[in-house]
Chemist: 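Take a look at the following structure, please.
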Amino acid sequence: MDRRPRTTQTVTSKGLVLEVETRTSPSPRIAPILAVRALAEGQAAIRPQLEALLPLADVVAVRIAGISAPGVLPQDHTLDDLADGLAAVLDQLGLARVNVCGTSHGGEIAYRLAVRHPQRIERVALTGATGHPRDHLPPGISAAVLADRMKSSARHEMADYVAAALLCQDPALPVRGRAALRWVLDDLISNTDDQQIDIWIRCLRLLRDAPQPTAITMPLLAVTGEHDVVSRPPECRALAALSPGSVFATIKEADHFVFLTRTREHLEVTRRFLLDQRLEDLPYLAVLEQFPHPRPTTAATPRGERECLINGGSVDHGDAK
């Protein structure tokens, strides 16, 4: 059991209700880490995250009512409003600057915090986030109609729809824990209630209405599973490519739920990035790319070797050997 000092409080800001939990590091090495929780992040994800990150820094975890915690989110609020709510948390805690981490839609909120409040951010680590508007609603079906259908349908039908939207189901593509993920998803949906359906639909609407991405000035990590069907790797790469000092990486044999199925590997990438350590020697990365691309030391270096540090497991620094 984690016995490190922990405090909890509720912060309200412009209609938002934010549940804040702060855990104190025994020997912090970097600025505090702001962890923006996603709906799917339960204790199975939180416990190993704390074990990996608390040796580095204090960890401030935030859940937002109506998004990643029970409650109601004001109807007119956007991702930028949620980002401003996170800034209000930093103000309340007296934190001048933090590192920010977020997974899935938590990552989208974390990214908007970096866009809107760059003076507060040291580094940004995003998992399964693209920063781009994404419409995951079925064609021709509004959010309200989808919510009504999900509430009235048999739970197994709803599970099939959600699995198709979130999981890589192509048997030709290796994904660790695929069967276990589907079992967990079925069990979760069989016990869901109408409020949880409303929260999920609201997340889809927020992603659909997201602003267009823009460059940020601090280092950014965009990482996901190589077979992510929600935040597809090319979209994650496009976000990283906007900003100098950014890193794009995919983890082998994983999809959107890489933070659950390859927890140790995902947290090692995150930890190294936050410490500004090398990533090139990690064998489980399918792709690793830095922006801007490293410049060759000789004109003879082929262009393709400069563009990717790791692709399919080969390591290349873009320098002449």
Side-chain angles (χ1 to χ4, degrees), residues 30-36 38 56-57 78-80 82-84 86-87 90 96-134 206-207 209-226 228 230-251 256 258-259 266 269-280 282 285-296 303 306-311 316-318:
I30 59 176
I33 297 170
L34 178 66
V36 186
L56 308 185
T78 66
L79 286 177
D80 283 349
L82 306 189
D84 292 345
L86 294 179
L90 301 184
R97 290 174 69 84
V98 296
N99 298 284
V100 62
C101 300
T103 297
S104 192
H105 55 275
E108 307 294 350
I109 303 168
Y111 170 67
R112 296 308 304 175
L113 173 65
V115 170
R116 292 177 64 81
H117 302 275
Q119 74 281 5
R120 312 296 295 269
I121 307 301
E122 296 276 355
R123 285 177 169 256
V124 183
L126 307 179
T127 304
T130 72
H132 291 72
R134 289 177 287 156
L206 285 169
L207 296 179
D209 299 335
Q212 290 294 330
T214 185
I216 59 176
T217 56
M218 68 292 298
L220 176 145
L221 168 68
V223 61
T224 195
E226 65 174 338
D228 191 340
V230 181
S231 302
R232 298 184 181 275
E235 298 170 339
C236 297
R237 180 189 181 278
L239 177 62
L242 286 174
S243 304
S246 294
V247 178
F248 165 65
T250 62
I251 296 177
H256 192 67
V258 60
F259 61 97
H266 167 248
V269 173
T270 302
R271 187 188 69 81
R272 288 198 183 195
F273 172 76
L274 292 175
L275 290 172
D276 195 20
Q277 295 177 342
R278 292 173 61 86
L279 302 175
E280 289 90 338
L282 300 178
L285 293 183
V287 172
L288 174 64
E289 193 170 359
Q290 295 180 351
F291 299 92
H293 293 134
R295 293 184 179 277
R303 182 173 182 270
R306 299 199 301 269
E307 292 187 346
C308 194
L309 294 177
I310 296 179
N311 191 344
D316 201 312
H317 299 288

Chemist: With Thr217, which residues qualify under side chain to side chain donor-acceptor pair (under 3.5 Å), at least two apart?
Modeler: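 Residues passing side chain to side chain donor-acceptor pair (under 3.5 Å) with Thr217: none at all.
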
Chemist: Working to the nearest 0.5 angstrom, can you tell me the gap between Leu90 CG and Leu113 CG?
Modeler: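 Interatomic distance, Leu90 CG to Leu113 CG, rounded to 0.5 Å: 6.5 Å.
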
Chemist: List for me each residue that meets side chain to side chain contact (heavy atoms under 4.5 Å, CB included) alongside Ala240, sequence neighbours excluded, and say none if there are none.
Modeler: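 With neighbours one apart ignored, the set is Leu220, Ala222, Ser246, Phe248, Phe291.
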
Chemist: Can you tell me how far apart CG (Leu86) and CG (Leu34) are? Round to the nearest 0.5 Å.
Modeler: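 If I round to the nearest 0.5 Å, the distance is 5.5 Å.
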
Chemist: Taking side chain to side chain donor-acceptor pair (under 3.5 Å) as the definition, give me every residue that meets it alongside Ser104, ordered by chain and number, with sequence neighbours left out.
Modeler: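 Residues passing side chain to side chain donor-acceptor pair (under 3.5 Å) with Ser104: His256.
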
Chemist: The criterion is side chain to side chain contact (heavy atoms under 4.5 Å, CB included); which residues satisfy it with Thr127, sequence neighbours excluded?
Modeler: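 Thr127: side chain to side chain contact (heavy atoms under 4.5 Å, CB included) contacts with Thr103, Val223, Val258, His266.
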
Chemist: The criterion is salt bridge (Lys or Arg N to Asp or Glu O under 4.0 Å); which residues satisfy it with Glu122, sequence neighbours excluded?
Modeler: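 Arg97.
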
Chemist: My understanding is that only residues two or more places apart in sequence, or in another chain, count here; which of them pass salt bridge (Lys or Arg N to Asp or Glu O under 4.0 Å) with Arg134?
Modeler: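 With sequence neighbours excluded, Arg134 shows a salt bridge (Lys or Arg N to Asp or Glu O under 4.0 Å) to Glu108, given in chain and number order.
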
Chemist: How would you list, by chain and number, every residue that makes a side chain to side chain donor-acceptor pair (under 3.5 Å) with Thr224, sequence neighbours excluded?
Modeler: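 Residues passing side chain to side chain donor-acceptor pair (under 3.5 Å) with Thr224: Asp228.
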
Chemist: Could you give all pairs that pass the salt bridge (Lys or Arg N to Asp or Glu O under 4.0 Å) test and reach residues 109-118, with sequence neighbours left out?
Modeler: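 Sorted pair list: Asp80-Arg112, Asp80-Arg116, Asp84-Arg116.
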
Chemist: Applying salt bridge (Lys or Arg N to Asp or Glu O under 4.0 Å), name anything that partners Asp209, two or more places apart in sequence or on another chain.
Modeler: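 Testing Asp209 for salt bridge (Lys or Arg N to Asp or Glu O under 4.0 Å), a comparison that skips the adjacent residues, returns none.
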
Chemist: Measure the spacing between CZ of Arg237 and OG1 of Thr250 and express it to the nearest 0.5 Å.
Modeler: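 Here the interatomic distance stands at 11.5 Å.
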
Chemist: If I take atom CD1 from residue Ile109 and atom CG from residue Leu82, how far apart are they, to the nearest 0.5 angstrom?
Modeler: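 Ile109 CD1 to Leu82 CG: 4.5 Å, rounded to 0.5 Å.
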
Chemist: What distance separates Leu288 CG from Arg278 CZ, expressed to the nearest 0.5 Å?
Modeler: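 It is 10.0 Å, given to the nearest 0.5 Å.
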
